[in-house]
Protein chains: 2
Amino acid sequence: MSIAAVERDCGISKDTLRIWERRYGFPTPLRDANDERLYPADQVARLRLLRRLIGAGHRPGKVVARPEAELLALLRELDAAPMAGGPVGGDGRAADAAQVLDALIAHDAERLRDSLAGLLLREGLRAFAAQIGPGLTQVVGAAWARGELEIHQEHLFTDQFTSVLRAAIGAATAAGGLREGPRVLLTTLPEEPHGLGLLMAEAIFVLEGCRCVSLGVQTPVRDVALAARAHRADVLALSFSAAVSAGQARAGLADLRAVAPADVEIWAGGACPGLREPPGVRRLRDLPGISAEVARWRTSAALRDGA
Amino acid sequence: MSIAAVERDCGISKDTLRIWERRYGFPTPLRDANDERLYPADQVARLRLLRRLIGAGHRPGKVVARPEAELLALLRELDAAPMAGGPVGGDGRAADAAQVLDALIAHDAERLRDSLAGLLLREGLRAFAAQIGPGLTQVVGAAWARGELEIHQEHLFTDQFTSVLRAAIGAATAAGGLREGPRVLLTTLPEEPHGLGLLMAEAIFVLEGCRCVSLGVQTPVRDVALAARAHRADVLALSFSAAVSAGQARAGLADLRAVAPADVEIWAGGACPGLREPPGVRRLRDLPGISAEVARWRTSAALRDGA
DNA sequence: TTGCCTATTTGTCCTAGACAAATAGGCCGA
DNA sequence: TCGGCCTATTTGTCTAGGACAAATAGGCAA
């Protein structure tokens, strides 16, 4: 696996990979005939673990060189901190998650889909998008990190979940509603390829009666600003998963704030660790928080119109 | 604007920016107190033009150094190449495409969605996925290359088209049918981030009565093979857009053929230029070709069962 | 025209050094 | 014991120029 492939796969830049090798003695890639780095699969797996650990707050200098004791550290965190900002549901939720995991482990796509659709019907779109979705995503991600699931099973989950949620959003949009909320433009910046968080956010926005336009993932900063003008958006909603580093997220948001119209609000959400609230940007802690934020927007909009 | 910001904004890598400067004398960024490159806004705009021209087929060596005559060259392409390799449909199809383009140009997401949904209803899912979809994709891509659309408009099209098509696939799957076709596992390899082609293919497969499982995009080769076993797939369907180079596609397919079970067929489709038929892989020229291929599979499966 | 072979172009990779921003840890005052 | 400030370390990104393989263009023969 080439250095570029590892960068794509693990989200660690080439520069960083080289300097870790120089400083910490890991990774230790082989070299091909042209003296280029070739990373064995096990080292790539370890790099993925490292990325998660560092994303969870560990210092690179402390963990990069460590052999496989990281696995233990990681497992502890996964066990110890499932509550930190995590799913708050009780036993019922855990049972639901187990059901979904079972279907994934059995490679049963139909059962997986039925489970998800059943949860949606039973709990409603709001709970499905705001609580169940994030919970399941975390459970699946943790199971993968523990080695209980293969990547292709996570892919299957993502695809089925996306499918069910998109259908629900379509139905909710068609059902219409107030249409008095802000115009919301949803997307992610170029370094963020994951669209699940965006989709869950869109569901909440739609339920709040907002007029949503989604550009999908990886829109260049300049184009986000152009689109904000073109669609006369009131709010730009950006999603940052744990895959994107806090530094990148901050830089992207600062760029965007500089080029976007000043009267457009920027709301940033997602599991990205260490992402604080940059100037001119609202940081939404979780998906249910969208509702409160929309309510706040409505109030201030009413004030503005009244004035 | 720092080199990292330009990389994000223009999609030109840092390495490439530096080597253009060395080789062609452009760009000529200023330097900050720390001797780091600072790109003025006008150079960044010119870099964006360059990216478009190069994407449209120009050689960097010929255009990077040129002053603002590029604008002229770009304008010429705008007029000269709207038909090159263009859509084959008749007048009706051209009118449909114009309608979709109009909605995109007007930034009217609702009208865009209605247009697409209307086309789906009028022409049926098969024509929508196999002819209209590829035609529209090409028309939109060409309009972007001519500078008539911004990237965010292409994103909007992709999102809306995906949404309409996913809903249709869901309905078609629920409607059931023969369920006698092959088990098909759909995905793309890691270097291919585009999922539209995959989705169109899935629609055709579903219409042919195949049992489809989609893993979404960018599944590692090893995991595709694992998933093929896990789902007892008869066929692996891979999609390669024009974005991926022929060499990467060939290498990926060869790797996959080596690790996938021997009795699983590999079908490769998509607009990837120069992708020939590697050993052990079937190259599908276009989406309607899927139907014939499924028919062929049925025949040979019947022979096998009979024997 | 079509196909092959060579020459040029072009992006990515390499090494190794430097520095600013972010973080941790110590220290002092309340 | 806790909060704020200041210094030391850590860490990612930037710099430079050199090298080479893959992709493309151009010439030539069939």
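In this text, all values refer to a predicted model and were calculated from it rather than measured experimentally. Computed from heavy atoms alone, side chains included, the values below leave out hydrogens, waters and symmetry copies.
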**Student:** Between atom CZ of B:Phe157 and atom CG of A:Leu215, what is the distance when rounded to the nearest 0.5 Å?
**Tutor:**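 Rounded to the nearest 0.5 Å, the CZ-CG separation comes to 14.0 Å.
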
**Student:** In whole angstrom, what separates A:Arg250's CZ from D:dT13's C1'?
**Tutor:**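 So the two atoms are 14 Å apart, to the nearest Å.
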
**Student:** Under 4.0 Å between a side-chain N or O of A:Arg37 and OP1 or OP2 of C:dC13?
**Tutor:**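 No, because none of the side-chain N or O atoms of A:Arg37 sits under 4.0 Å from OP1 or OP2 of C:dC13.
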
**Student:** Check whether any side-chain nitrogen or oxygen of A:Lys14 sits under 4.0 Å from OP1 or OP2 of C:dC13, and answer yes or no.
**Tutor:**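 For C:dC13, OP1 or OP2 has a side-chain N or O of A:Lys14 closer than 4.0 Å.
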
**Student:** Before you tell me yes or no, could you show the steps for B:Val281 and B:Leu238 under side chain to side chain contact (heavy atoms under 4.5 Å, CB included), namely the whole-Å CA-CA distance, both residues' side-chain angles and the distance that decides it to 0.1 Å?
**Tutor:** CA-CA 10 Å; B:Val281 175; B:Leu238 282 299; over 6 Å; no

**Student:** Look at the side-chain N and O atoms of A:Arg59 and state whether any lies under 4.0 Å from the OP1 or OP2 oxygen of C:dT23.
**Tutor:**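 No, no such contact exists.
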
**Student:** Any base atoms under 4.0 Å from A:Ser13, or only sugar-phosphate, or nothing? Heavy atoms, all strands.
**Tutor:**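 Sugar-phosphate, no base atom in range.
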
**Student:** Quickly work out the A:Asp32 CG to C:dC14 C1' distance and round it to whole Å.
**Tutor:**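 Atom-to-atom, A:Asp32 to C:dC14, this comes out as 11 Å.
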
**Student:** Under 4.0 Å: is that the gap between some side-chain N or O of A:Tyr24 and OP1 or OP2 of D:dT11?
**Tutor:**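 True: A:Tyr24 side-chain N/O within range (under 4.0 Å) of D:dT11 OP1/OP2.
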
**Student:** I need the CD-C1' distance between A:Glu7 and D:dT13, as an integer number of Å.
**Tutor:**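 Atom CD in A:Glu7 sits about 13 Å away from atom C1' in D:dT13.
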
**Student:** Could you tell me, to 10°, how much the axis swings from one end of the helix from C:dT1-D:dA30 to C:dA30-D:dT1 to the other, five pairs per end?
**Tutor:**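 Comparing the first five pairs with the last five, the axes sit 30° apart.
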
**Student:** Can you check salt bridge (Lys or Arg N to Asp or Glu O under 4.0 Å) on A:Arg48 and A:Asp9, steps first, answer last?
**Tutor:** CA-CA 8 Å; A:Arg48 272 193 290 260; A:Asp9 200 283; 2.3 Å; yes

**Student:** How about A:Arg296: does its CZ atom have over 12 heavy atoms from other parts shown lying under 6.0 Å from it?
**Tutor:**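 It does: A:Arg296 CZ has more than 12 such atoms within range.
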
**Student:** Within this structure, what is the CD-to-C1' distance between B:Glu36 and D:dG12, rounded to whole angstrom?
**Tutor:**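 The answer, rounded to whole Å, is 11 Å.
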
**Student:** Give me the residues of residues 15-23 of chain B where at least one heavy atom lies under 4.0 Å from an atom of DNA chain C, by number, or none.
**Tutor:**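 Of all residues in residues 15-23 of chain B, the ones placing a heavy atom under 4.0 Å from DNA chain C are B:Asp15, B:Thr16, B:Ile19, B:Trp20, B:Arg23.
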
**Student:** To the nearest Å, how far apart are B:Asn34 CG and C:dA18 C1'?
**Tutor:**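 That distance rounds to 8 Å.
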
